[in-house]
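Nothing here was measured: the structure is a model prediction, and the numbers come from that model. Numbering of ligands and ligand atoms starts at 1, following listing order.
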Amino acid sequence: MGLRLDLLLLVAALLFSPALSDLVILKVDRRVDLTSQIVRVTSTLKVENNGKDAVTEVLLVFPDRQVKNLAYLFAVSSAGKGKAKSYSHTLSVNEINLKGMPPSLVGYLVSLPEPLSKGESYTLDVLAVYTHSLKPFPEKITQADIQLLVFEDSAYYLSPYEVKAQSLTVKLPQARIESYTRIENTKLHGSDIKYGPYENLPPFSHSPIVVHFESNRPFAVARELVREVEISHWGNVQVTEYYNVVNRGSEITGEFSRLEFQARPHIRGPSSFRNLVAKLPPRAHSVYYRDEIGNISTSHLWSDSKKTELEIEPRYPMFGGWRTAFTIGYGLPLQDFLFESEGKRFLNFSFGSPINEIIVDTLFMKIVLPEGSNDITVAAPFPIKESKETKLSHLDLVGRPVIILEKSNVVPEHNQYFQVYYTFSSISMLREPLMLIFGFFFLFITYIVYMHADISISKSSPSYLAKMQWEEVQAVIQQVENIVSRCLAVHEKLEASLQDLSRTGVVQACKSARKSADSTLKELYKEMKPLLSFLQSSSQAAHILPKVEELLTKERELQEKLMTKHLTVVDCYEKKLGGREIENRINAHQQKITVLRQEVDDLLDYIDEL
Ligand SMILES: *[C@@H]1O[C@H](CO)[C@@H](O)[C@H](O)[C@H]1NC(C)=O
Ligand SMILES: *[C@@H]1O[C@H](CO)[C@@H](O)[C@H](O)[C@H]1NC(C)=O
């Protein structure tokens with residue numbers, strides 16, 4: 001009821017602006033494309049001037065709830081028919097606030113290229129692109145369910161003018177249609193629903209329709225996309241795109257079974273999408289794709305002379321409500337995007353995301369210009385919020401100027417070229433290489449200084465310390481071996497004194513030989529003590545220490561056995577016992593001594609080989 005009253009008010013308002021109300025729409029054909037998540041409505045309008053005065057503008061009206069989702073509106077003159085249509089004449093479209101316009105409606109004025117005189121007609125095409133206007137219903141489904149969507153509109157064209165003839169075609173994806181509103185002249189042809197023709201309808205005629213249908217097309221929405229384009233005058237444009245993507249389709253509830261999904265993905269997860277395809281410019285190189293975990297090598301890349309295609313496959317299938325964040329990066333040849341005009345350089349680059357049929361809620365385009373760029377201006381085909389910042393990277397003195405272009409509700413139709421103009425003196429271009437040359441020179445000097453300072457610097461390095469310690473351990477072990485050898489020499493002297501005894505029978509000489517041997521060994525053991533405790537305290541000696549300790553123990557045993565043997569032999573001589581008796585008494589000791597001596601020699605060899 002409220003809307004009706006609003007419309008009557010508007011009709012009244014239009015009566016006061018005769019140039020608008022003199023128009024009649026002879027024919028309007030509308031085509032609504034619902035084959036992706038983005039709704040595209042193309043209307044071909046044939047308008048005629050029935051008044052006396054020339055008309056220069058056509059008024060388009062939209063309900064405000066549609067305008068909320070209106071991402072793109074475009075009008076062209078439509079000359080010819082079908083494929084021969086020429087899109088040469090883009091018409092300017094501006095939002096207006098007509099006096100008396102009700103708040104539930106929004107108006108746009110299309111300027112005609114030439115005034116339309118009495119009785120003349122003109123045909124134009126209007127493209128309106130909407131985001132988020134297909135509503136999942138039910139809102140929540142399980143993994144195995146298909147996704148159903150609801151679309152609402154009016155079967156009649158919302159027009160401030162009388163409409164003589166009209167029709168509407170709703171194109172659906174080729175799948176199940178749950179239900180659709182049937183009114184007079186409604187037909188279903190395959191996956192197209194046709195409404196009309198309807199004739200001679202007064203201004204603001206309205207007939208609501210609802211279409212409920214299956215669609216498992218990806219509902220990929222980038223809640224935020226940052227595209228960073230960095231220009232290097234040395235031949236490269238580096239593009240890095242940071243995506244934060246969500247599937248805005250029906251949310252899935254219940255458990256997700258990856259096993260079931262992998263076994264039969266089309267049956268067990270029809271509403272999910274597994275991949276996205278990005279159409280990059282031709283000659284893109286060094287392409288990569290990574291997410292929070294790291295580089296993903298399963299992405300695929302195709303290229304020909306017209307484009308480079310990158311297939312992005314998230315690590316898991318994207319069900320409704322699921323999110324993923326990833327980055328893609330690539331380099332482009334500078335000469336394809338940077339040009340010169342009237343003493344200024346300019347970047348000519350495409351806005352929008354290169355990913356097919358993605359909606360971007362908020363897009364930030366960051367153009368990083370070379371350091372020293374000045375007089376920066378932007379030319380864009382649609383309104384964009386503009387701001388500036390500075391990016392500082394290595395080799396920069398004052399930082400690079402960054403132009404930030406921000407736009408919400410971005411659709412593939414926004415993949416249009418914009419330009420960033422700037423001035424730049426070639427001298428500035430030499431700054432970086434000069435800095436590099438000085439930089440290398442500085443590095444060279446530093447290197448020389450470093451080499452000279454090498455010994456003092458590297459002394460503190462852990463590997464150097466370890467090496468030093470090991471050398472110390474080796475020196476100490478050599479001293480230990482040396483002492484053991486000297487002990488063995490003392491043993492030999494003791495043996496020699498026993499042989500002397502058997503020849504001369506002088507017990508006294510033998511006794512004094514033992515005494516001196518005893519004190520020499522004591523001296524040697526005293527010398528050994530600090531060496532052993534050094535080895536025990538050094539971590540570098542840990543692996544060799546047990547062998548050293550074994551060597552010293554065996555040497556001790558050997559020495560004790562020798563002393564016992566020596567004492568026994570001397571005792572026998574003093575008691576004047578015979579040779580055989582002596583043999584018997586020392587026999588057991590002698591065997592032990594031979595074994596021990598062999599063991600000591602083996603241990604010495606082992607340690608020596610380290
Ligand atoms: C990913 O690959 C790009 C290009 O090959 C490389 O520059 C980047 O360092 C890689 N990142 C990781 C985390 O491996
Ligand atoms: C920008 O590049 C496009 C595609 O190459 C081209 O059609 C357009 O004319 C260029 N714009 C300017 C201002 O050079």
Check: Which of parallel (below 30°), tilted (30 to 60°) and perpendicular (above 60°) describes F349 and F337?
Finding: tilted
- Going by the angle between their ring planes, with limits at 30° and 60°, are F74 and Y72 parallel, tilted or perpendicular? parallel
If you scan protein heavy atoms around atom 3 (C) of ligand 2, the nearest is N348 ND2, 3.5 Å
Item to complete: Among all protein heavy atoms, pick out the one at the shortest distance from atom 13 (C) of ligand 2; state its residue, atom name and that distance to 0.1 Å.
Response: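 For atom 13 (C) of ligand 2, the nearest protein heavy atom is Q419 NE2, 3.5 Å.
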State plainly whether the residues K344 and D375 are in salt-bridge range, i.e. N to O under 4.0 Å. no
Review point. Got a salt bridge between K164 and E162, using NZ or NE/NH1/NH2 to carboxylate O under 4.0 Å?
Key: yes
Is there a protein heavy atom at a distance of less than 4.0 Å from atom 7 (O) of ligand 2?
no
Short version for F346: what comes under 4.0 Å of ligand 2, heavy atoms counted, is side chain
